Every structure is written in structure tokens, then in C-alpha cells.
Amino acid sequence: MAKKSTTKNARMGARANARRTGMFEMRNDRERKMFAMIAMLAVALLGSVGVAVAAFSQDLNINGTANIKATNWNIHFENLQAVALVGKASEVTAPTIDTNTTKIGDYAVELKAPGDATSYTFDVKNDGDLDAEITAITIKTGAGLTCTSTGANATANSAVCGKLNYTLKNADNSDVAVGDELSVGASKTLTLKLEFDGSATDADLPDQDVEVSGLDVTITYGQKNN
């Protein structure tokens, strides 16, 4: 009888231990599930914080428009006057202003003695809507001109170019130069003069006709830099 009682008690103890073990495992399982739910809740909370931050963001916009207005660039020659002659100088062909009013050309003159001169006076007008200034100017004078002659003394005759003065002057007799301004609506009177230097001597006079070239003048106007 004592042996059966001991066996029964052992079985009951084993079942109790099993129940305790099962209960412990169930508790551990519940704790694991609870931790998992807490972790998921933390993720959800973090997600909600992110949404909240986005909800309080704001775009700031600046809107505008711009127009580039059409401009009128119109600088031209006008009021070309008749030649002014000094000494024995003469005009062979009178100059003309072309249809674009940007070129005075095709004139021919003759000089015969020291002191002879020809002068052409004209206006430069700014009819555009932008202030302008001279950005470049090309004019040759004296030895910069090209003189061509014939005969035995052709070389000596060609040296007469050194006695020719070719100038472009403002109305106040100052040289037309880079930086000269021409405001909107303004005009300037210029004079182009070819002169046989009065200081020339008999030794400078050619014994044959001399053709002079290189009398072209270019004035470049650009927008004034304010």
C-alpha cells in the first residue's frame, strides 16, 4: 500500500510540475506577444509622428512675369552739306548718303597745292530709344594713306601722302573719338576734311598725278554703358 501511495504522489507531483511548466510557458508566450504588440505600437506611433510633421509643412511660392520690350536701334547720317573748298581744290564727284542712311560714299576730289583742302559736313542722328556711344573708329591719315603714282619718280611722288591730313572733327573742332556719346534724340555735326599740308615745299610736290586711297572711315556706335 505504501508503494502505491508513493507512486500516486509522484504522478501527482509530475502533473503539477507539468502544469507549472505549461503555465510558465504560457506566461512567457503572453509576454512575448505583449512585447511584439508594444513594438508594433511603437512603430505605429513613430509613423504617426512622421505624418504629423508632414501635416505641418508648408510650401512658399514666388510668382512673377517679365517682358523684354522691343527696342529701336537707329543711328544714321543726315543733312549732308555741299563741299567746302579751299585754294585750288575741286570736287570731281559729290558724295551721297545711301538708302540705309548709314554710308556716305563715292566722292572724289582733287588737290593741287599746299594748303588746298576739301571738307564735308554732315550730322549723325540717334533716332532710336537707347543712348549710344562710339566704341570704335577707323580713319587713316598721312603716311597711313596709300598713294600711287607712275613715271620715273613714282616712289618720290608717292611720298606726298605724308603731307596729307585726313581728319574727322566735332563741331567744336575736337577729334571724333571712342567714348563720344550720342543720346536718344540727339544729333551731332561732324566734318570730314582732307588737306594738303601747308608746310609742304616744292620738293614735296609730285611731277605726276598721285592717286590717293584708304580714305574710308568707319565709326562704330554701341549701346552706352550706364
Side-chain angles (χ1 to χ4, degrees), residues 72-128 130-150 157-200 204-206 208-222:
N72 177 29
W73 182 257
N74 184 0
I75 298 176
H76 61 270
F77 293 123
E78 61 184 23
N79 298 329
L80 175 61
Q81 300 179 26
V83 66
L85 301 173
V86 176
K88 298 182 180 298
S90 61
E91 181 183 60
V92 177
T93 303
T96 58
I97 299 178
D98 73 344
T99 55
N100 293 325
T101 66
T102 57
K103 178 183 177 182
I104 298 174
D106 301 327
Y107 76 91
V109 296
E110 289 183 350
L111 306 177
K112 294 183 178 180
D116 287 357
T118 62
S119 298
Y120 291 102
T121 299
F122 49 86
D123 292 341
V124 178
K125 178 71 179 292
N126 185 351
D127 262 341
L130 294 173
D131 292 335
E133 64 181 0
I134 295 177
T135 58
I137 183 169
T138 302
I139 182 170
K140 297 178 181 179
T141 188
L145 298 170
T146 300
C147 284
T148 305
S149 184
T150 58
N157 291 340
S158 296
V160 75
C161 265
K163 294 296 181 179
L164 297 179
N165 299 319
Y166 196 43
T167 58
L168 184 62
K169 300 281 189 178
N170 291 300
D172 62 1
N173 205 40
S174 62
D175 290 332
V176 175
V178 170
D180 288 356
E181 299 177 3
L182 192 62
S183 301
V184 172
S187 63
K188 282 191 173 183
T189 299
L190 309 182
T191 299
L192 183 65
K193 182 178 182 180
L194 179 63
E195 180 182 24
F196 195 163
D197 196 326
S199 66
D204 296 315
L205 299 178
Q208 297 287 334
D209 290 349
V210 177
E211 181 179 328
V212 182
S213 59
L215 294 171
D216 298 333
V217 178
T218 301
I219 311 168
T220 304
Y221 280 91

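Small disclaimer: the values here were computed from a predicted structure and weren't measured.
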Quick one: does [X]'s side chain get under 4.5 Å of [Y]'s, heavy atoms only?
X      : Y      : answer
Lys188 : Leu182 : yes
Ile139 : Val176 : no
Pro114 : Asp204 : no
Leu205 : Phe196 : yes
Ile137 : Leu168 : yes
Thr138 : Val217 : no
Ile219 : Leu190 : yes

Problem - Within 6.0 Å of CG in Asp98, more than 12 heavy atoms from elsewhere - result: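 Atom CG in Asp98 is packed in, count exceeds 12.
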
Problem - Residues, nucleotides or ligands: over 12 heavy atoms within 6.0 Å of Asp106 CG - result: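 No, CG of Asp106 has 12 or fewer neighbouring heavy atoms, counting only those of other groups under 6.0 Å.
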
Practice task
Output all residues satisfying ring-ring contact (aromatic ring centres under 6.0 Å, His included) with Tyr107, sequence neighbours left out; order by chain, then residue number.
Solution key: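 For Tyr107 the ring-ring contact (aromatic ring centres under 6.0 Å, His included) partners, ignoring immediate neighbours, are Tyr120.
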
Please name the pair of heavy atoms, one in [X] and one in [Y], separated by the smallest distance, quoted to 0.1 Å.
X      : Y      : result
Val160 : Pro206 : CG2-CD, 4.2 Å
Asn157 : Ser149 : ND2-OG, 3.2 Å
Val109 : Leu194 : CG2-CD2, 4.1 Å
Pro95  : Ile104 : CB-CG2, 3.8 Å
Cys147 : Val212 : SG-CG2, 3.9 Å
Ser90  : Thr118 : O-CG2, 4.4 Å

Practice task
Output, in order, the C-alpha distance, side-chain angles, deciding distance and verdict of side chain to side chain contact (heavy atoms under 4.5 Å, CB included) for Glu110 and Val92.
Solution key: CA-CA 7 Å; Glu110 289 183 350; Val92 177; 3.7 Å; yes

Exercise for the section: Start with the C-alpha distance between Val124 and Tyr221, add both sets of side-chain angles, then the distance that settles side chain to side chain contact (heavy atoms under 4.5 Å, CB included), and finish with yes or no. Expected result: CA-CA 11 Å; Val124 178; Tyr221 280 91; 3.7 Å; yes

For the atom pair [atom1] ([X]) and [atom2] ([Y]), what is the distance rounded to the nearest 0.5 Å?
X      : Y      : atom1 : atom2 : result
Lys193 : Thr141 : NZ    : OG1   : 11.5 Å
Glu78  : Thr101 : CD    : OG1   : 8.0 Å
Gln81  : Thr191 : CD    : OG1   : 7.5 Å
Leu130 : Asn74  : CG    : CG    : 11.0 Å

Determine yes or no for a side-chain-to-main-chain donor-acceptor pair under 3.5 angstrom, with [X] supplying the side chain and [Y] the backbone.
X      : Y      : value
Tyr166 : Leu215 : yes
Asp180 : Ile134 : no
Asn170 : Asn173 : no
Asn126 : Gly185 : no

Problem - salt bridge (charged side-chain N to carboxylate O under 4.0 Å, His left out) partners of residues 113-128, not counting sequence neighbours, each pair once - result: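 Passing the test, one end in residues 113-128: Lys125-Asp127.
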
Practice task
Would you list the pairs meeting salt bridge (charged side-chain N to carboxylate O under 4.0 Å, His left out) in which at least one residue belongs to residues 157-172, sequence neighbours left out?
Solution key: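 Non-adjacent pairs meeting salt bridge (charged side-chain N to carboxylate O under 4.0 Å, His left out): Lys169-Asp175.
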
